[in-house]
Amino acid sequence: MFGYYLNLGLRSLRRNPVLTALMVFGIALGIAASMTSLTVFHLMGSDPIPWKSDRLHVVQLDNWDINQAYDEEKGRLPDQLTYLDATALMAAGKADRQVAMYKVVLPVQPAGDDGGPEIKPYLALGRATYSDFFPMFEPPFRYGGPWSREQDEARARVTVLTESTNEKLFGGADSTGRTVRFDGVDYTVVGVLDRWQPRVKYFDLTVGALTDPEEAFIPFTTAIDLRVQSSGNNSCFKAPAPSWEGYLASDCIWIQFWVQLDSPARQAEYKRFLDAYVMEQKKLGRFERPLATLLPDVNEWLALQEVVSRDVEIQVGLAFAFLAVCLVNTVGLLLAKFMRKSGEIGLRRALGASRRQLFLQHLVEAGVVGISGGLVGLALTGLGLMGVRALYSEFKTITELDWTMVAVTLLLSVLSATLAGLFPTWRACRVQPASQLKTQ
């Protein structure tokens with residue numbers, strides 16, 4: 001029976017191509033506007049590492065000025081640690097895994113033995129980190145693997161390259177064991193990542209959630225040994241001494257610190273350790289503010305840092321309001337179309353068709369309009385995302401329409417058209433056969 005209703009619906013739509021096109025395009029516009037906004041919202045706000053997000057925690061300590069909170073307006077704790085605290089927590093090793101890291105800029109000076117294309121020196125974004133970064137955040141490897149903890153301790157000159165950097169320097173070949181020169185220092189390539197571009201750089205939100213990904217990774221200890229300065233966010237409530245050693249000994253915050261805690265018991269244990277650490281530092285004259293430590297997990301961290309801003313939420317609301325306007329117009333067009341078929345409906349009723357059968361027939365017809373609008377809306381959504389990428393460069397990593405959003409788009413379009421068709425269908429099915437037969 002469904003196939004019969006579908007055939008009738010398609011014939012009916014073909015009889016009025018202009019009216020059909022108006023309905024399809026109206027729904028498509030509403031779907032495209034709402035799904036473009038919803039896709040950006042979904043990709044920014046969805047869990048970036050759902051299989052372990054509740055086990056990854058950022059460490060927050062309040063070492064700030066006793067006379068002024070770090071964030072008076074929102075009451076948030078500092079989002080980074082000092083070098084003193086980061087290295088102390090790394091040395092304690094109380095978590096299942098832990099990593100201190102910061103963003104760097106690496107001058108790349110291609111060596112003659114790279115075997116790749118001829119390129120000029122250039123600046124690359126990098127990350128100074130510990131070996132635990134890789135098992136914690138799980139970037140995939142194409143060649144080789146991460147450096148070891150022993151190499152962390154030895155301040156080894158080793159590096160992990162991203163796929164794009166390896167392609168640029170070595171033509172995409174297996175470059176493990178080869179040499180890359182950063183700022184006049186030779187580093188041995190120990191691993192090459194496969195394609196990895198998190199939609200939201202949740203492990204470092206200090207300079208924005210949608211910033212460009214790193215192009216190379218080097219050991220934190222090596223970066224400190226070579227005095228590689230941070231290119232990320234640096235905040236100080238008092239000026240440090242004018243030297244590298246003075247900066248490291250200061251209360252300036254510039255290092256992100258994450259831990260992996262594999263059970264609620266381990267989380268509680270680590271929280272007690274942090275509180276005890278702060279109390280010990282108070283005895284040394286540091287941490288003059290009231291005791292405050294936090295261990296937000298990945299999703300709590302995204303919420304605390306307001307990755308999905310209020311503006312994005314408002315845009316989603318406005319887009320769905322536009323969809324509602326489009327549906328109201330579709331209701332009017334469907335009502336006009338179905339009421340023009342009053343004679344046909346009356347004749348079918350006279351020949352024995354029930355109101356239920358007519359209702360289902362016209363709902364199927366509305367559903368066909370919805371599917372057509374959804375397919376056109378998908379294409380327009382793709383164009384909308386391309387426009388977002390062109391207008392806002394910071395969104396270039398989150399403008400892919402994944403299969404979840406494709407399914408939501410089609411489901412929303414069918415549901416919208418079906419809802420829009422309920423009232424026109426009900427009105428059409430209330431037609432009295434006798435009144436229509438008299439006029440024929």
Side-chain angles (χ1 to χ4, degrees), residues 48-53 55-58 86-87 89-91 93 95-106 108 110-111 113-116 124-183 185-199 201-204 212-226 228 255-262 298 397:
I49 185 167
W51 57 93
K52 65 185 306 185
S53 59
R55 294 185 286 136
L56 298 177
H57 302 261
V58 65
T87 52
L89 296 182
M90 284 299 303
D96 296 304
R97 293 185 184 276
Q98 52 270 310
V99 59
M101 55 183 169
Y102 66 99
K103 184 178 180 181
V104 297
V105 170
L106 299 172
V108 182
D113 65 343
D114 55 22
L125 292 176
R127 181 156 295 273
T129 185
Y130 280 83
S131 56
D132 273 359
F133 176 92
F134 302 98
M136 283 178 65
F137 300 107
E138 301 186 8
F141 276 85
R142 173 171 292 186
Y143 306 117
W147 60 83
S148 66
R149 291 184 177 179
E150 291 73 22
Q151 288 172 308
D152 277 325
E153 295 174 1
R155 297 175 172 81
R157 274 50 169 169
V158 292
T159 184
V160 168
L161 304 180
T162 61
E163 178 196 40
S164 59
T165 303
N166 187 62
E167 181 69 34
K168 185 181 294 185
L169 296 178
F170 299 102
D174 184 355
S175 59
T176 54
R178 294 190 179 184
T179 299
V180 176
R181 180 166 295 173
F182 297 141
D183 199 17
V185 178
D186 289 339
Y187 292 75
T188 301
V189 179
V190 295
V192 176
L193 297 184
D194 209 338
R195 186 176 299 276
W196 186 58
Q197 190 169 2
R199 293 164 176 168
K201 196 190 292 185
Y202 60 95
F203 50 84
D204 183 5
D212 291 331
E214 285 80 10
E215 300 169 78
F217 300 81
I218 62 174
F220 181 97
T221 52
T222 302
I224 296 298
D225 192 43
L226 295 174
V228 179
I255 296 172
Q256 304 91 53
F257 197 93
W258 285 78
V259 294
Q260 180 174 318
L261 303 167
D262 291 332
V298 172
T397 62

From the list T221, I218, V185, side-chain contact (heavy atoms from CB on, under 4.5 Å) partner of L226 resolves to V185
side-chain contact (heavy atoms from CB on, under 4.5 Å) test vs V99 passes for just one of Q260, Q256, M136, namely M136
Straight-line distance of [X] [atom1] to [Y] [atom2], nearest 0.5 Å:
| X | Y | atom1 | atom2 | value |
| --- | --- | --- | --- | --- |
| L161 | Y143 | CG | OH | 12.0 Å |
| Q151 | T222 | CD | OG1 | 9.0 Å |
| I255 | M101 | CD1 | CE | 11.0 Å |
| T159 | E215 | OG1 | CD | 11.0 Å |
| W258 | T129 | CH2 | OG1 | 12.0 Å |

Quick one: does [X]'s side chain get under 4.5 Å of [Y]'s, heavy atoms only?
| X | Y | result |
| --- | --- | --- |
| S53 | Y202 | no |
| L169 | V180 | yes |
| F170 | T165 | no |
| H57 | L261 | yes |

Whether [X] and [Y] hold their rings parallel, tilted or perpendicular, with breakpoints at 30° and 60°:
| X | Y | answer |
| --- | --- | --- |
| F203 | F137 | tilted |
| F182 | Y187 | tilted |
| F217 | F133 | tilted |

query: Could you go step by step and tell me if T176 and V190 meet the side chain to side chain contact (heavy atoms under 4.5 Å, CB included) rule?
result: CA-CA 5 Å; T176 54; V190 295; over 6 Å; no
Would you please test N166 and S175 for side chain to side chain donor-acceptor pair (under 3.5 Å) and show each step? CA-CA 7 Å; N166 187 62; S175 59; 2.6 Å; yes
Which heavy atom of [X] sits nearest a heavy atom of [Y], and at what distance?
| X | Y | result |
| --- | --- | --- |
| G126 | L106 | CA-CD1, 4.2 Å |
| T162 | A216 | CG2-N, 4.3 Å |
| R195 | P140 | O-CG, 3.8 Å |
| A128 | A223 | CB-CB, 3.6 Å |

Please determine whether salt bridge (Lys or Arg N to Asp or Glu O under 4.0 Å) holds for the pair D225 and R157, giving the CA-CA distance in whole Å, both sets of side-chain angles, and the decisive distance to 0.1 Å. CA-CA 10 Å; D225 192 43; R157 274 50 169 169; 3.4 Å; yes
Query raised in the report: When you look at E214 and K103, which way does the salt bridge (Lys or Arg N to Asp or Glu O under 4.0 Å) test go after all the steps?
Result: CA-CA 8 Å; E214 285 80 10; K103 184 178 180 181; over 6 Å; no
Could you tell me whether the side chains of D186 and T179 share a donor-acceptor contact shorter than 3.5 Å?
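No, because no side-chain N or O of D186 sits under 3.5 Å from a partner of the opposite role on T179.
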Margin query: So that I can tick it off, tell me whether R97 and D262 are bridged by a salt bridge, with the cut-off set at under 4.0 angstrom between side-chain N and carboxylate O.
Written below: no
Next on the checklist: Run the salt bridge (Lys or Arg N to Asp or Glu O under 4.0 Å) test on D132 and R149 for me, step by step, so that the C-alpha distance in whole Å, both residues' side-chain angles and the decisive distance to 0.1 Å come before the verdict.
Outcome noted: CA-CA 8 Å; D132 273 359; R149 291 184 177 179; 3.0 Å; yes
Under 3.5 Å, is there a donor-acceptor pair between the side chain of Q98 and the main chain of A95?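 Judged by distance alone, yes, a pair lies under 3.5 Å.
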Q. What do the steps show when you test D174 against R142 for salt bridge (Lys or Arg N to Asp or Glu O under 4.0 Å), and what is the final call?
A. CA-CA 8 Å; D174 184 355; R142 173 171 292 186; over 6 Å; no
Y102 and ring-ring contact (aromatic ring centres under 6.0 Å, His included): which single residue from Y130, F257, F220 fits?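 Of the listed options, the one satisfying the test is F220.
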Is there a side chain to side chain donor-acceptor pair (under 3.5 Å) between W196 and E138? Walk through the geometry before answering. CA-CA 10 Å; W196 186 58; E138 301 186 8; over 6 Å; no
